[in-house]
Amino acid sequence: MGGGHGLAASLSALRYLPAAITAIVTVADNGGSSGRLREELGVLPPGDLRQALAALCGEDEWGRTWAKVLQHRFESPGELNGHALGNLLIVGLWELLGDHVGGLDLIGQLLGARGRVLPMSSLPLDIAASVRADDGSIGEVRGQAAVATTAGDVLGVRLDPADPPASPDALAAVREAEWVVVGPGSWFTSVIPNLLVPDLSLALHETAARRMVVLNLAPQPGETEGFSPERHLQVLGEHAPELTIDVVLADRAAVTDEGRLRAAAAELGAEVVLEAVAVGDGNPRHDPLRLAAAYERIMRTSP
(Lines give C-alpha, C1' and ligand atoms only; values in the text may rest on other atoms or scores of the structure.)
Protein backbone atom coordinates (compact mmCIF):
# COMPACT_ATOMS: atom_id res chain seq x y z
CA MET A 1 0.00 0.00 0.00
CA GLY A 2 1.37 3.40 -0.93
CA GLY A 3 2.34 5.38 -3.98
CA GLY A 4 5.09 7.01 -5.97
CA HIS A 5 8.74 6.00 -5.84
CA GLY A 6 8.41 4.36 -2.43
CA LEU A 7 5.77 1.88 -3.54
CA ALA A 8 7.71 1.23 -6.74
CA ALA A 9 10.81 0.39 -4.67
CA SER A 10 8.82 -2.08 -2.59
CA LEU A 11 7.26 -3.72 -5.65
CA SER A 12 10.64 -3.94 -7.39
CA ALA A 13 11.73 -6.11 -4.45
CA LEU A 14 8.54 -8.12 -3.96
CA ARG A 15 8.47 -9.23 -7.60
CA TYR A 16 11.47 -11.47 -6.85
CA LEU A 17 9.46 -13.48 -4.32
CA PRO A 18 7.20 -16.42 -5.21
CA ALA A 19 4.08 -14.53 -4.18
CA ALA A 20 0.85 -13.15 -5.62
CA ILE A 21 1.32 -9.38 -5.38
CA THR A 22 -1.38 -6.71 -5.31
CA ALA A 23 -0.41 -3.04 -5.19
CA ILE A 24 -2.98 -0.66 -3.68
CA VAL A 25 -2.13 2.83 -4.86
CA THR A 26 -2.97 6.29 -3.54
CA VAL A 27 -4.95 8.41 -6.02
CA ALA A 28 -4.41 11.97 -4.78
CA ASP A 29 -1.63 13.20 -7.08
CA ASN A 30 -2.39 16.60 -8.59
CA GLY A 31 0.98 17.57 -10.05
CA GLY A 32 2.81 17.09 -13.33
CA SER A 33 1.39 14.93 -16.10
CA SER A 34 -1.07 13.22 -13.74
CA GLY A 35 -2.41 16.52 -12.49
CA ARG A 36 -2.90 17.85 -16.00
CA LEU A 37 -4.80 14.75 -17.12
CA ARG A 38 -6.85 14.76 -13.92
CA GLU A 39 -7.82 18.40 -14.39
CA GLU A 40 -8.59 18.16 -18.11
CA LEU A 41 -10.36 14.79 -18.19
CA GLY A 42 -11.59 14.31 -14.63
CA VAL A 43 -9.85 10.94 -14.33
CA LEU A 44 -7.91 9.28 -11.55
CA PRO A 45 -4.30 10.50 -11.53
CA PRO A 46 -2.50 7.71 -13.40
CA GLY A 47 1.14 8.44 -12.50
CA ASP A 48 1.54 6.37 -9.33
CA LEU A 49 -0.43 3.52 -10.92
CA ARG A 50 1.93 3.67 -13.90
CA GLN A 51 5.01 3.55 -11.69
CA ALA A 52 3.64 0.52 -9.87
CA LEU A 53 3.00 -1.31 -13.14
CA ALA A 54 6.50 -0.48 -14.39
CA ALA A 55 8.00 -1.77 -11.14
CA LEU A 56 6.23 -5.11 -11.56
CA CYS A 57 7.55 -5.65 -15.09
CA GLY A 58 9.85 -8.63 -15.41
CA GLU A 59 13.63 -8.54 -15.77
CA ASP A 60 13.53 -10.12 -19.24
CA GLU A 61 13.81 -8.05 -22.42
CA TRP A 62 10.02 -7.82 -22.78
CA GLY A 63 9.57 -6.51 -19.26
CA ARG A 64 12.46 -4.06 -19.38
CA THR A 65 11.26 -2.68 -22.73
CA TRP A 66 7.70 -2.15 -21.56
CA ALA A 67 8.87 -0.56 -18.34
CA LYS A 68 10.80 1.98 -20.43
CA VAL A 69 7.76 2.55 -22.66
CA LEU A 70 5.53 3.28 -19.67
CA GLN A 71 8.06 5.67 -18.13
CA HIS A 72 8.97 7.49 -21.36
CA ARG A 73 8.19 11.22 -21.21
CA PHE A 74 7.67 13.42 -24.25
CA GLU A 75 9.85 16.48 -24.72
CA SER A 76 8.35 19.17 -26.91
CA PRO A 77 7.48 22.87 -26.92
CA GLY A 78 3.79 21.94 -27.02
CA GLU A 79 1.07 20.46 -24.83
CA LEU A 80 2.57 16.97 -24.79
CA ASN A 81 5.72 18.16 -23.03
CA GLY A 82 6.28 16.26 -19.81
CA HIS A 83 3.50 13.73 -20.33
CA ALA A 84 4.45 10.13 -19.58
CA LEU A 85 3.43 7.76 -22.36
CA GLY A 86 2.17 5.28 -19.78
CA ASN A 87 -0.20 7.88 -18.33
CA LEU A 88 -1.77 8.42 -21.74
CA LEU A 89 -2.03 4.67 -22.34
CA ILE A 90 -3.76 4.10 -19.00
CA VAL A 91 -6.22 6.96 -19.42
CA GLY A 92 -6.99 5.87 -23.00
CA LEU A 93 -7.90 2.38 -21.83
CA TRP A 94 -10.06 3.81 -19.04
CA GLU A 95 -12.00 5.84 -21.60
CA LEU A 96 -12.45 2.84 -23.88
CA LEU A 97 -13.40 0.34 -21.18
CA GLY A 98 -15.08 2.58 -18.63
CA ASP A 99 -13.41 0.46 -15.95
CA HIS A 100 -10.39 1.52 -13.87
CA VAL A 101 -9.51 -1.96 -12.63
CA GLY A 102 -10.17 -3.65 -15.97
CA GLY A 103 -7.91 -1.17 -17.75
CA LEU A 104 -5.07 -1.66 -15.27
CA ASP A 105 -5.42 -5.44 -15.44
CA LEU A 106 -5.27 -5.31 -19.24
CA ILE A 107 -2.07 -3.26 -19.17
CA GLY A 108 -0.64 -5.67 -16.60
CA GLN A 109 -1.32 -8.55 -18.99
CA LEU A 110 0.38 -6.68 -21.83
CA LEU A 111 3.44 -6.05 -19.69
CA GLY A 112 3.62 -9.51 -18.20
CA ALA A 113 3.50 -7.80 -14.80
CA ARG A 114 4.21 -9.91 -11.72
CA GLY A 115 1.05 -8.77 -9.95
CA ARG A 116 -2.03 -6.55 -9.98
CA VAL A 117 -2.20 -2.78 -9.53
CA LEU A 118 -5.35 -1.28 -8.03
CA PRO A 119 -6.42 2.27 -7.11
CA MET A 120 -7.35 2.67 -3.44
CA SER A 121 -10.52 4.51 -4.50
CA SER A 122 -12.56 5.02 -7.64
CA LEU A 123 -12.54 8.80 -7.06
CA PRO A 124 -9.64 11.22 -7.53
CA LEU A 125 -8.93 12.57 -4.06
CA ASP A 126 -7.39 15.68 -2.60
CA ILE A 127 -5.09 15.88 0.41
CA ALA A 128 -5.42 18.73 2.89
CA ALA A 129 -2.68 19.22 5.47
CA SER A 130 -2.56 21.15 8.70
CA VAL A 131 0.77 23.01 8.55
CA ARG A 132 2.61 25.09 11.14
CA ALA A 133 4.50 28.01 9.61
CA ASP A 134 7.82 29.38 10.86
CA ASP A 135 5.99 32.07 12.84
CA GLY A 136 4.00 29.44 14.73
CA SER A 137 0.70 30.07 12.96
CA ILE A 138 -1.23 27.02 11.75
CA GLY A 139 -2.95 26.94 8.39
CA GLU A 140 -4.11 24.50 5.75
CA VAL A 141 -2.29 23.47 2.58
CA ARG A 142 -4.29 21.68 -0.11
CA GLY A 143 -3.15 19.33 -2.85
CA GLN A 144 -0.56 16.57 -2.92
CA ALA A 145 2.03 18.63 -4.78
CA ALA A 146 1.75 21.56 -2.35
CA VAL A 147 1.83 19.36 0.76
CA ALA A 148 4.88 17.46 -0.50
CA THR A 149 6.87 20.67 -0.92
CA THR A 150 5.52 22.80 1.92
CA ALA A 151 8.02 24.93 3.84
CA GLY A 152 6.12 24.48 7.10
CA ASP A 153 5.81 21.55 9.50
CA VAL A 154 3.07 19.12 8.49
CA LEU A 155 1.03 18.27 11.59
CA GLY A 156 -1.53 15.97 9.98
CA VAL A 157 -3.48 15.26 6.81
CA ARG A 158 -7.04 14.47 5.80
CA LEU A 159 -8.75 13.40 2.60
CA ASP A 160 -11.28 15.40 0.62
CA PRO A 161 -13.84 13.89 0.33
CA ALA A 162 -13.36 12.36 3.78
CA ASP A 163 -15.25 9.14 3.06
CA PRO A 164 -14.42 8.13 -0.52
CA PRO A 165 -15.51 4.72 -1.79
CA ALA A 166 -12.75 2.13 -1.61
CA SER A 167 -12.03 -0.09 -4.60
CA PRO A 168 -13.88 -3.40 -3.98
CA ASP A 169 -10.93 -5.30 -5.43
CA ALA A 170 -8.60 -3.52 -3.01
CA LEU A 171 -10.83 -4.44 -0.07
CA ALA A 172 -10.85 -8.07 -1.15
CA ALA A 173 -7.08 -8.10 -1.59
CA VAL A 174 -6.49 -6.77 1.94
CA ARG A 175 -8.91 -9.23 3.51
CA GLU A 176 -7.45 -12.20 1.64
CA ALA A 177 -3.78 -11.30 2.07
CA GLU A 178 -1.20 -13.13 4.14
CA TRP A 179 0.89 -9.93 4.46
CA VAL A 180 0.06 -6.26 4.05
CA VAL A 181 3.12 -4.05 3.47
CA VAL A 182 2.70 -0.32 4.13
CA GLY A 183 5.44 2.00 2.89
CA PRO A 184 8.05 3.15 2.20
CA GLY A 185 7.19 6.41 0.48
CA SER A 186 6.09 10.00 0.99
CA TRP A 187 4.61 9.62 4.45
CA PHE A 188 1.81 12.19 4.40
CA THR A 189 0.91 12.05 0.70
CA SER A 190 1.44 8.40 -0.30
CA VAL A 191 1.48 6.18 2.79
CA ILE A 192 -1.00 7.62 5.30
CA PRO A 193 -3.81 8.37 2.77
CA ASN A 194 -4.46 4.63 2.39
CA LEU A 195 -5.22 4.49 6.12
CA LEU A 196 -7.78 7.31 5.83
CA VAL A 197 -10.22 5.65 3.41
CA PRO A 198 -12.83 4.36 5.89
CA ASP A 199 -13.65 0.99 4.27
CA LEU A 200 -10.01 0.32 3.43
CA SER A 201 -8.99 1.17 6.99
CA LEU A 202 -11.67 -1.19 8.31
CA ALA A 203 -10.42 -3.99 6.06
CA LEU A 204 -6.87 -3.37 7.27
CA HIS A 205 -8.04 -3.59 10.88
CA GLU A 206 -10.08 -6.76 10.30
CA THR A 207 -7.76 -8.74 8.03
CA ALA A 208 -6.04 -11.84 9.35
CA ALA A 209 -2.92 -10.77 7.44
CA ARG A 210 0.24 -9.76 9.23
CA ARG A 211 1.03 -6.07 8.80
CA MET A 212 4.46 -4.66 8.04
CA VAL A 213 5.52 -1.01 7.94
CA VAL A 214 8.66 -0.24 5.94
CA LEU A 215 10.39 2.97 6.96
CA ASN A 216 12.05 5.46 4.67
CA LEU A 217 15.80 5.76 4.46
CA ALA A 218 15.80 9.52 5.07
CA PRO A 219 13.37 12.35 5.82
CA GLN A 220 11.75 13.94 2.79
CA PRO A 221 12.53 17.65 2.33
CA GLY A 222 9.39 19.64 2.97
CA GLU A 223 6.97 16.87 3.87
CA THR A 224 8.87 15.18 6.70
CA GLU A 225 11.86 17.47 7.14
CA GLY A 226 13.73 16.56 10.33
CA PHE A 227 11.66 13.44 11.06
CA SER A 228 13.38 10.59 12.88
CA PRO A 229 12.38 6.99 12.08
CA GLU A 230 10.39 6.84 15.30
CA ARG A 231 8.56 10.07 14.46
CA HIS A 232 7.29 8.41 11.26
CA LEU A 233 5.72 5.69 13.40
CA GLN A 234 4.23 8.18 15.83
CA VAL A 235 2.56 10.08 12.98
CA LEU A 236 1.20 6.86 11.53
CA GLY A 237 -0.26 5.98 14.93
CA GLU A 238 -1.85 9.42 15.26
CA HIS A 239 -3.71 8.93 11.96
CA ALA A 240 -4.69 5.29 12.62
CA PRO A 241 -4.80 5.01 16.41
CA GLU A 242 -6.53 1.61 16.53
CA LEU A 243 -4.27 -0.07 13.98
CA THR A 244 -1.80 -2.67 15.20
CA ILE A 245 1.39 -3.47 13.30
CA ASP A 246 3.35 -6.71 13.50
CA VAL A 247 6.72 -5.76 12.02
CA VAL A 248 8.58 -2.52 11.37
CA LEU A 249 11.42 -2.89 8.85
CA ALA A 250 14.13 -0.22 8.90
CA ASP A 251 17.55 0.19 7.38
CA ARG A 252 20.15 -0.28 10.10
CA ALA A 253 22.27 2.68 8.96
CA ALA A 254 19.25 5.04 8.99
CA VAL A 255 18.50 4.42 12.68
CA THR A 256 20.35 6.66 15.14
CA ASP A 257 18.46 5.70 18.30
CA GLU A 258 17.43 2.06 18.25
CA GLY A 259 15.86 2.25 21.70
CA ARG A 260 13.51 5.06 20.75
CA LEU A 261 12.53 3.29 17.54
CA ARG A 262 11.75 0.06 19.37
CA ALA A 263 9.69 1.96 21.92
CA ALA A 264 7.68 3.72 19.20
CA ALA A 265 7.14 0.40 17.40
CA ALA A 266 5.99 -1.25 20.62
CA GLU A 267 3.27 1.41 20.92
CA LEU A 268 1.87 -0.03 17.66
CA GLY A 269 2.37 -3.63 18.81
CA ALA A 270 5.30 -4.19 16.47
CA GLU A 271 8.75 -5.69 16.64
CA VAL A 272 11.59 -3.94 14.81
CA VAL A 273 13.72 -5.68 12.21
CA LEU A 274 16.93 -3.88 11.21
CA GLU A 275 18.49 -4.84 7.90
CA ALA A 276 20.87 -3.34 5.34
CA VAL A 277 18.38 -2.54 2.57
CA ALA A 278 19.85 0.62 0.99
CA VAL A 279 22.00 0.82 -2.12
CA GLY A 280 25.70 0.79 -1.37
CA ASP A 281 26.57 4.22 -2.80
CA GLY A 282 25.24 6.27 0.11
CA ASN A 283 22.14 7.52 -1.68
CA PRO A 284 18.80 7.13 0.14
CA ARG A 285 17.41 4.49 -2.23
CA HIS A 286 16.31 0.95 -1.44
CA ASP A 287 18.26 -1.81 -3.16
CA PRO A 288 15.67 -4.18 -4.72
CA LEU A 289 17.65 -7.36 -4.05
CA ARG A 290 18.55 -6.44 -0.48
CA LEU A 291 14.97 -5.43 0.23
CA ALA A 292 13.69 -8.63 -1.38
CA ALA A 293 15.99 -10.69 0.86
CA ALA A 294 14.73 -8.83 3.93
CA TYR A 295 11.11 -9.39 2.94
CA GLU A 296 11.78 -13.07 2.33
CA ARG A 297 13.45 -13.55 5.73
CA ILE A 298 10.68 -11.74 7.59
CA MET A 299 7.83 -13.49 5.82
CA ARG A 300 9.46 -16.90 6.13
CA THR A 301 10.29 -16.68 9.83
CA SER A 302 7.32 -14.73 11.25
CA PRO A 303 4.47 -16.89 12.56
Side-chain angles (χ1 to χ4, degrees), residues 1-14 21-35 38 44-56 84 87 104 117-121 123-131 141-150 154-160 164 166-167 170 173-174 180-197 200-201 204 211-225 227 229 231-240 243 245 248-250 284-286 291:
M1 303 177 77
H5 295 292
L7 178 60
S10 191
L11 296 175
S12 295
L14 287 167
I21 304 167
T22 301
I24 299 174
V25 183
T26 305
V27 286
D29 190 2
N30 70 333
S33 171
S34 286
R38 172 179 173 170
L44 293 179
D48 286 359
L49 296 159
R50 180 199 82 244
Q51 287 199 58
L53 284 164
L56 288 172
N87 287 354
L104 293 168
V117 173
L118 303 172
M120 72 176 186
S121 175
L123 293 179
L125 306 176
D126 282 311
I127 294 173
S130 176
V131 176
V141 174
R142 291 183 60 86
Q144 180 272 337
V147 174
T149 57
T150 182
V154 179
L155 304 178
V157 291
R158 62 178 179 85
L159 296 180
D160 185 12
S167 163
V174 170
V180 177
V181 179
V182 180
S186 299
W187 217 243
F188 285 109
T189 54
S190 292
V191 175
I192 287 176
N194 284 277
L195 310 180
L196 302 181
V197 178
L200 196 54
S201 176
L204 189 57
R211 306 170 188 88
M212 185 191 315
V213 170
V214 184
L215 291 177
N216 293 334
L217 299 172
Q220 181 175 336
E223 189 167 323
T224 54
E225 186 75 45
F227 273 35
R231 179 58 183 152
H232 284 77
L233 295 183
Q234 291 163 359
V235 166
L236 188 146
E238 290 165 5
H239 286 81
L243 182 64
I245 303 297
V248 171
L249 173 61
R285 292 182 294 109
H286 285 89
L291 187 55

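No hydrogens, no waters, no symmetry mates; every other heavy atom, side chains included, goes into these values.
Taking the side chain as every heavy atom from C-beta outward, S34 and L49 never approach each other to under 4.5 Å. Residues N216 and F227 are not in side-chain contact: their nearest non-hydrogen atoms beyond the backbone lie 4.5 Å or more apart. With contacts defined as side-chain heavy-atom distances shorter than 4.5 Å, the pair L215/L233 qualifies. Between V180 and I24, every side-chain heavy-atom pair lies at or beyond the 4.5 Å cut-off. In this structure, the side chains of V213 and H232 stay at 4.5 Å or more apart for every pair of heavy atoms. Side chains of P124 and L44 form a contact here, defined as non-hydrogen atoms less than 4.5 Å apart. For the pair V197 and L159, the minimum side-chain heavy-atom distance is below 4.5 Å. Residues V182 and V191 meet the side-chain proximity criterion, which asks for heavy atoms closer than 4.5 Å.
Separating the CE atom in M1 from the CE atom in M212 is a distance of 14.0 Å, to the nearest 0.5 Å. Atom-to-atom distance recorded for L195:CG and L200:CG is 8.0 Å, nearest 0.5 angstrom. Note that CG of L236 is 6.0 Å distant from CD1 of I245, once rounded to the nearest 0.5 Å. Interatomic distance, OG1 of T26 versus CD1 of I127, reported as 7.0 Å (0.5 Å rounding). Note that CG of L243 and CZ of R211 are 6.0 Å apart. Values are rounded to the nearest 0.5 Å.
Residues satisfying the ring pair (Phe, Tyr, Trp, His ring centres under 6.0 Å) test with H286, not counting sequence neighbours, are none. Taking S121 as the reference, nothing meets the side-chain hydrogen bond (donor to acceptor under 3.5 Å, both in side chains) condition, with sequence neighbours excluded. Here S201 pairs with H205 under the side chain to side chain contact (heavy atoms under 4.5 Å, CB included) rule; sequence neighbours left out. In this structure N87 satisfies the side-chain hydrogen bond (donor to acceptor under 3.5 Å, both in side chains) test together with S33, R50, sequence neighbours excluded. Remark: E225 engages no residue in a salt bridge (Lys or Arg N to Asp or Glu O under 4.0 Å) (not counting sequence neighbours).
Closest non-hydrogen pair, L118 versus L104, comes out as CA-CD1, 4.4 Å. Contact between P45 and D29 at its shortest, heavy atoms only, is CB-O, 3.3 Å. Taking all atoms of both residues into account, the shortest heavy-atom contact from V27 to P119 is CG1-CB, 3.8 Å. Of all non-hydrogen atoms in Q220 and A148, the two that sit nearest each other are NE2-O, 4.0 Å.
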Considering only distance and modelled atom types, tabulate donor-acceptor pairs under 3.5 Å from the side chains of residues 4-13, sequence neighbours left out.
residue, atom, partner, partner atom, Å
H5, ND1, Q51, OE1, 3.1
S10, OG, Y295, OH, 2.7
S12, OG, A8, O, 2.8

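Not one N or O on the side chain of H239 forms a donor-acceptor pair closer than 3.5 Å with the backbone of L196. At distances below 3.5 Å, at least one donor-acceptor pair connects side-chain atoms of E223 with backbone N or O atoms of F188. One N or O on the side chain of N30 and one on the backbone of A145 form a donor-acceptor pair closer than 3.5 Å.
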